[in-house]
Asks: 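Take a look at the following structure, please.
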Amino acid sequence: MGMMENSAVFMAPLLLRNTVTSLLVYADKSILVLAEKYKALEIFRYLVIASFLFFLRLFPSFSQFLKADDDYTFNSTQSSGYFVGYGGVGDSGIGRALSQLLWSVNDIPVSSSKYGIVRSLAERLIEENNKEDIEALREMNRTVLSAAFSRTLCLVEAAMVELGQGRVGHYGAGFGPVCYQLNRLLRAVGVGSGRVGVSRSGNSAEKLAAELLWLAEELAGCGFEEEAVERWASASNLAALSLSAEPRLQGSLVKVSAFLFKQMKDMDSEETEEGSRQTKMKMLTSWLPLLCRGSNGTDMPVLSLSERAELEKILEDTVDMLQHEEQEQVLSLWLHHFTYCPSSDWPNLHASYARWCTTSRKLFLPPLKM
């Protein structure tokens, strides 16, 4: 009984801490657009984040006041790091277990024998949850995997900026990407050794990008591919950074983009027409430049000939579904990056470009008189 009471006392502040942290992260995403427009709001935003992280630094670790009744003790300092950032899923043991496994996959070097073990455990847990045909377990898979995908996106971006791979995108010169800034703040106040940014083991951005593809495949396997597509479509700053990343990392990100473009093709019936079109626009404007520049590979082609042909057809169909003005924006972007990289002739959207020109020319024709 003493051990159970201690666990309950410990979990209450831990869950409160994780919940408040998650609320801060999601609120930060909501005001990010406004913060880009108003520098004063941007400065205030970072002051709030810094103050909150300093509070976490001083937050008492309740386990130091607890005395377990047997030899087993629960180390709150080590364990709390596994759950921060996965808010909303810490209310069940199986949810916390899956969160910890996915966090560990990011942290463990791929060269370690433990990497395959932990990843297999995560895959088994996800599969078993899915097979139970219980809506609560399916929702838990969606929530935990979506959070893991978002966190890994953040890790890749922070690792690229940390190592100087890529330039800062559309953010102002005075403020870098939000994930990188959070990483610096975390390290400054000593919370989790900057775990929102680069992983403690120094894992490469390429390794993390491969895990993005794995997480996207797991989400699609559970029927939640739209979660990965929406997050990938919105990762415009990572897409901008990828244009000047090293070739091997570009290749890994091309594979993620190719997979999610294919998944997006099958989402039309599940979204409203307006929402579907907006997602398509964000996907194309964010990741089409990388497809033009990063598809060659170094040792071998990133995509096979059949994969290229399939994806090219998907891109053409996607462009054709957009409105006329949106097509102009996408095709102008494609032409710029397609011609910028003379070593690659893919993706070739010449047919879509020709159709758009024909439609544009018809706008000059006088209306038919009845």
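Positions are given from 1, in the same order as the sequence printed here. In this text, all values refer to a predicted model and were calculated from it rather than measured experimentally.
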Asks: With distance as the sole test, does Gln250 use its side chain to make a donor-acceptor pair with the main-chain N or O of Ser242 at under 3.5 Å?
Replies: yes
Asks: Tell me the salt bridge (charged side-chain N to carboxylate O under 4.0 Å, His left out) pairs involving residues 250-261, sequence neighbours left out?
Replies: none
Asks: Tell me every residue that passes side chain to side chain donor-acceptor pair (under 3.5 Å) with Ser234, counting only those two or more places apart in sequence or in another chain.
Replies: Lys282
Asks: State plainly whether the residues Asp320 and Arg355 are in salt-bridge range, i.e. N to O under 4.0 Å.
Replies: yes
Asks: Does the pair Glu230 and Thr279 meet the rule for a side chain to side chain donor-acceptor pair (under 3.5 Å), with working shown?
Replies: CA-CA 7 Å; Glu230 287 289 346; Thr279 300; 2.8 Å; yes
Asks: Taking the basic N atoms (NZ, or NE/NH1/NH2) and the acidic carboxylate oxygens, is any pair closer than 4.0 Å for Glu227 and Arg231?
Replies: yes
Asks: Yes or no on side-chain contact (heavy atoms from CB on, under 4.5 Å) for Leu137 and Ile94, after CA distance, side-chain angles and deciding distance?
Replies: CA-CA 9 Å; Leu137 288 176; Ile94 197 71; 4.3 Å; yes
Asks: Is there a side-chain contact between Leu219 and Asn141 in this structure, where contact means two heavy atoms from C-beta onward sitting under 4.5 Å apart?
Replies: no
Asks: Would you compute the distance between atom CD1 of Ile134 and atom CG of Asn129 and round it to the nearest 0.5 angstrom?
Replies: 9.0 Å
Asks: Go through the structure and list residues passing side-chain contact (heavy atoms from CB on, under 4.5 Å) with Arg124, not counting sequence neighbours.
Replies: Glu128
Asks: Could you tell me which residues satisfy side-chain contact (heavy atoms from CB on, under 4.5 Å) with His337, sequence neighbours excluded, listed by chain and number?
Replies: Leu243, Pro289, Cys292, Arg293, Leu333
Asks: Considering the options Asn106, Leu102, Leu208, Leu215, which one meets the side-chain contact (heavy atoms from CB on, under 4.5 Å) requirement together with Arg151?
Replies: Asn106
Asks: Mind checking whether Met321 and Arg277 have side chains closer than 4.5 Å, heavy atoms only?
Replies: no
Asks: Would you please name every residue forming a salt bridge (Lys or Arg N to Asp or Glu O under 4.0 Å) with Glu217, sequence neighbours left out?
Replies: none
Asks: Group every Ile, Leu, Val, Met, Phe, Trp and Tyr by side-chain heavy-atom contacts under 4.5 Å, then state whether Tyr340 and Val330 land in the same group.
Replies: no
Asks: Any pair with a residue in residues 108-148 that passes ring-ring contact (aromatic ring centres under 6.0 Å, His included), sequence neighbours left out, goes on the list, sorted by first then second residue, please.
Replies: none
Asks: Run the ring pair (Phe, Tyr, Trp, His ring centres under 6.0 Å) test against Phe261 and tell me which residues pass, sequence neighbours left out.
Replies: none
Asks: Show the nearest heavy-atom pair for residues Ala209 and Leu253, with the distance to one decimal.
Replies: CB-CD2, 3.9 Å
Asks: Applying ring pair (Phe, Tyr, Trp, His ring centres under 6.0 Å), can you list everything that pairs with Trp356, at least two apart in sequence or on another chain?
Replies: His324
Asks: If every non-hydrogen atom of Phe259 is compared with every non-hydrogen atom of Ala220, which pair is closest and at what distance?
Replies: CZ-CB, 3.9 Å
Asks: State whether a side-chain donor-acceptor pair under 3.5 Å links Gln327 with Ser352.
Replies: no
Asks: Provide the closest heavy-atom pair for Leu303 versus Arg308 in the form atom of the first, atom of the second, distance.
Replies: O-NE, 3.6 Å
Asks: Under 3.5 Å, is there a donor-acceptor pair linking the side chains of Lys280 and Ser276?
Replies: yes
Asks: Which pair of heavy atoms, one from Lys262 and one from Ile314, lies closest together, and at what distance?
Replies: CG-CD1, 3.6 Å
Asks: Would a 4.5 Å heavy-atom cut-off, applied to side chains only, mark Trp334 and Tyr353 as touching?
Replies: yes
Asks: How about CG on Leu305, more than 12 heavy atoms from neighbouring residues, nucleotides or ligands closer than 6.0 Å, or not?
Replies: no
Asks: Return yes if some donor-acceptor pair links the side-chain N/O of Thr339 with the main-chain N/O of His336 below 3.5 Å, else return no.
Replies: yes
Asks: At their closest point, which heavy atom of Phe149 faces which heavy atom of Leu260, and how far apart are they?
Replies: CZ-CD1, 4.3 Å
Asks: To the nearest 0.5 Å, what is the distance between CZ on Arg96 and CE on Met140?
Replies: 11.0 Å
Asks: Dump the intermediate steps for side-chain contact (heavy atoms from CB on, under 4.5 Å) on Val144 and Ile126, then the final yes or no.
Replies: CA-CA 10 Å; Val144 177; Ile126 293 166; over 6 Å; no
Asks: Using only atom types and a distance under 3.5 Å, with no angle test, would you say the side chain of Ser286 pairs donor to acceptor with the backbone of Ala233?
Replies: yes
Asks: How long is the straight-line distance from CD of Glu225 back to NZ of Lys265, given to the nearest 0.5 Å?
Replies: 12.0 Å
Asks: Which residues pass the salt bridge (Lys or Arg N to Asp or Glu O under 4.0 Å) test with Glu139, not counting sequence neighbours?
Replies: Arg142
Asks: I want to check something: taking the side chain as every heavy atom from C-beta on, are Arg138 and Phe224 in contact at a cut-off of under 4.5 Å?
Replies: yes
Asks: Can you tell me how far the OG atom of Ser360 sits from the CD atom of Glu328, to the nearest 0.5 Å?
Replies: 6.5 Å
Asks: Any non-hydrogen side-chain atom of Leu249 less than 4.5 Å from a side-chain atom of Met160?
Replies: yes
Asks: Working to the nearest 0.5 angstrom, can you tell me the gap between Thr359 OG1 and Arg361 CZ?
Replies: 9.5 Å
Asks: Using the test side-chain contact (heavy atoms from CB on, under 4.5 Å), find all partners of Ser306 that sit at least two apart in sequence or belong to another chain.
Replies: Ser304
Asks: Any donor and acceptor pair, going by atom type alone, linking the side chain of Ser99 with main-chain N or O of Gly95 inside 3.5 Å?
Replies: yes
Asks: Ala235: which residues meet the side-chain contact (heavy atoms from CB on, under 4.5 Å) condition with it, sequence neighbours left out?
Replies: Leu153, Leu238, Trp287
Asks: What distance separates Leu335 CG from Leu349 CG, expressed to the nearest 0.5 Å?
Replies: 10.0 Å
Asks: Can you list everything that forms a side chain to side chain donor-acceptor pair (under 3.5 Å) with Trp232? Sequence neighbours excluded, please.
Replies: Ser257
Asks: Identify the heavy atoms of Thr318 and Met264 that sit nearest to each other, and give their distance.
Replies: CG2-CE, 4.0 Å
Asks: Just by distance, with hydrogens left out, do Asn237 and Glu157 show a side-chain donor and acceptor under 3.5 Å apart?
Replies: yes
